[in-house]
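Everything below concerns the one structure shown next.
Numbers here are sequence positions counted from 1. In listed order, ligands and their atoms are each counted from 1.
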Amino acid sequence: MKKILVANWKMNLSGSQSVSLAEKIKKRISGFSKVKLILAPAFPFLNQTEKIISGSAVSLAGQNLAPWKEGDYTGEVSADNLKEVGCSYAIVGHAERRGYFNENNDLINKKIDQTLSAGLTPILCVGENYREKEKKQTGSVLGRQIREGLQKIKGFPEADLIIAYEPVWAIGGEKSLAPEEMQSIFMTIKKNLTNLYSEKFFDEKVKVLYGGSVDGDKASAFWENDFVDGLLVGGAGLNFDSLYKVAVANRL
Ligand code: PGA
C-alpha cells in the first residue's frame with residue numbers, strides 16, 4: 001500500500017525555487033510505487049507548481065485556509081480558491097498556525113468544515129508541546145485537539161481525513177519521536193475518532209502521519225512502522241536530495 005509523504009514548504013522557497021524543485025520531483029519521485037507525494041507550496045506559487053506536477057501522481061495542498069466560504073476577509077484564501085488552483089488537500093492547524101496566529105480548536109473546526117465543503121481532504125495537525133509532554137499530558141492534549149477540532153463536521157464520516165501527529169517539541173529541530181511511541185499515539189487518535197464518529201470511519205477513512213524533524217536517516221524506521229501511514233516533512237522537503245532520501249527510505 002502506498003504511504004503518504006507531505007512536503008510543507010512553509011514560507012521558505014521563492015517561486016523559481018518551488019518550480020525547479022517541483023520539476024525534479026516530477027521527474028525522479030512522482031513514479032515511486034510506494035510513496036504518494038503531496039506538495040504544499042506557498043499560496044502565490046500553487047498555480048505554477050500545479051502546472052508542473054499536473055498529469056503526474058503528485059498532489060497539491062494549501063498550507064492553510066480561511067474559516068469562511070467567501071466574503072470581505074482581506075488577505076484570506078478560501079477552500080474554494082485552493083480547489084480552483086488544483087489543490088486536493090489542505091493543511092489545517094499546523095503548530096506554527098496554532099502558535100504564531102493563536103489558532104484554537106474552534107477556529108480549526110471551522111476550517112475543517114470548509115475543506116470538506118470544497119471537496120478537499122484535510123490534513124489536521126495535532127501534537128503536544130514540550131511542557132505538556134513533560135507533564136504527561138500528550139493523551140489529553142491530543143484528545144482535546146481531535147474532539148474540539150473535528151466534532152460535528154457535516155462531511156464525516158463519509159469523507160477522508162489525514163491526521164498528522166507533529167509534537168511541537170520535535171518540529172524544526174533535531175529531536176524526533178522514538179518511532180515505537182507511535183503505537184500509543186495511534187491508539188489515542190483512534191479512540192477519540194471512534195468515540196466521535198465510528199471505528200469504521202477510522203479504519204476506512206483515516207490516515208495517521210508523523211511529522212517532526214524527519215530526515216533521510218530517520219525516515220525508514222517510521223516508514224516501517226505499522227502505526228504510521230506516512231510522513232510530513234518541513235526542512236527535509238526543501239531541497240531535492242534530502243526529500244529524495246526520505247522517499248527512497250520507504251522500501252516496504
Ligand atoms: P520539520 O517540520 O520536518 O522541519 O521538523 C515539520 C513540520 O513543521 O511540519
Side-chain angles (χ1 to χ4, degrees), residues 3-13 17-18 21 25 29 35-43 45-46 49 58-65 82 87 89-103 108 111-112 115 121-130 132-133 138 141-142 145-146 149 161-179 181-182 185-186 189 207-223 225 228-250:
K3 290 203 172 186
I4 296 167
L5 175 56
V6 183
N8 176 11
W9 292 345
K10 307 186 182 181
M11 206 176 72
N12 287 304
L13 300 181
Q17 289 170 327
S18 305
L21 184 51
I25 288 169
I29 307 185
V35 177
K36 153 92 194 139
L37 203 64
I38 301 172
L39 304 180
F43 288 150
F45 313 129
L46 281 168
T49 308
V58 181
S59 299
L60 207 60
Q63 296 178 10
N64 180 33
L65 76 159
L82 292 179
C87 289
Y89 300 85
I91 298 173
V92 184
H94 188 278
E96 286 147 16
R97 302 293 320 170
R98 292 179 191 262
Y100 297 131
F101 301 94
N102 296 321
E103 291 199 3
I108 287 165
K111 293 186 175 196
I112 296 278
T115 58
T121 298
I123 303 171
L124 172 66
C125 299
V126 296
E128 82 288 359
N129 62 31
Y130 187 70
E132 292 160 342
K133 174 186 162 62
T138 302
V141 169
L142 294 186
Q145 288 174 335
I146 290 170
L161 166 68
I162 297 175
I163 303 265
Y165 170 63
E166 299 206 296
V168 182
W169 51 267
I171 293 176
E174 277 164 19
K175 251 199 280 166
S176 56
L177 187 83
E181 289 187 54
M182 272 309 289
I185 297 293
F186 181 95
I189 294 170
K207 299 259 183 277
V208 177
L209 313 187
Y210 169 74
S213 298
V214 174
D215 59 18
D217 296 330
K218 293 181 198 141
S220 58
F222 285 104
W223 287 130
N225 191 306
V228 175
D229 297 312
L231 297 171
L232 196 162
V233 297
L238 296 177
N239 75 71
F240 180 75
D241 290 342
S242 53
L243 185 64
Y244 185 83
K245 274 190 198 142
V246 172
V248 291
N250 181 10

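Side chains of S59 and K36: a donor-acceptor N/O pair is present below 3.5 angstrom, by distance only.
Note: N225 CG to E181 CD = 11.0 Å, rounded to the nearest 0.5 Å. Here the CG atom belonging to L39 is positioned 4.5 Å from the CD1 atom belonging to I25, to the nearest 0.5 angstrom.
By the side-chain contact (heavy atoms from CB on, under 4.5 Å) test, A40 is found to be paired with N8, A61, Q63, I91, residues two or more places apart in sequence or in another chain being considered. Residues satisfying the salt bridge (charged side-chain N to carboxylate O under 4.0 Å, His left out) criterion with E132, sequence neighbours excluded, are absent altogether. Under the rule for a salt bridge (charged side-chain N to carboxylate O under 4.0 Å, His left out), K133 has no partner lying at least two apart in sequence or in another chain.
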What does the contact table look like for ligand 1 (nitrogen or oxygen on each side, cut-off under 3.5 Å)?
{"residue": "ligand 1", "atom": "2 (O)", "partner": "G234", "partner atom": "N", "Å": "3.4"}
{"residue": "ligand 1", "atom": "3 (O)", "partner": "G234", "partner atom": "N", "Å": "2.8"}
{"residue": "ligand 1", "atom": "4 (O)", "partner": "G235", "partner atom": "N", "Å": "2.8"}
{"residue": "ligand 1", "atom": "5 (O)", "partner": "G172", "partner atom": "N", "Å": "2.7"}
{"residue": "ligand 1", "atom": "5 (O)", "partner": "S213", "partner atom": "N", "Å": "2.7"}
{"residue": "ligand 1", "atom": "8 (O)", "partner": "K10", "partner atom": "NZ", "Å": "2.6"}
{"residue": "ligand 1", "atom": "8 (O)", "partner": "H94", "partner atom": "NE2", "Å": "2.8"}
{"residue": "ligand 1", "atom": "9 (O)", "partner": "H94", "partner atom": "NE2", "Å": "3.0"}
{"residue": "ligand 1", "atom": "9 (O)", "partner": "E166", "partner atom": "OE1", "Å": "3.0"}
{"residue": "ligand 1", "atom": "9 (O)", "partner": "E166", "partner atom": "OE2", "Å": "2.7"}

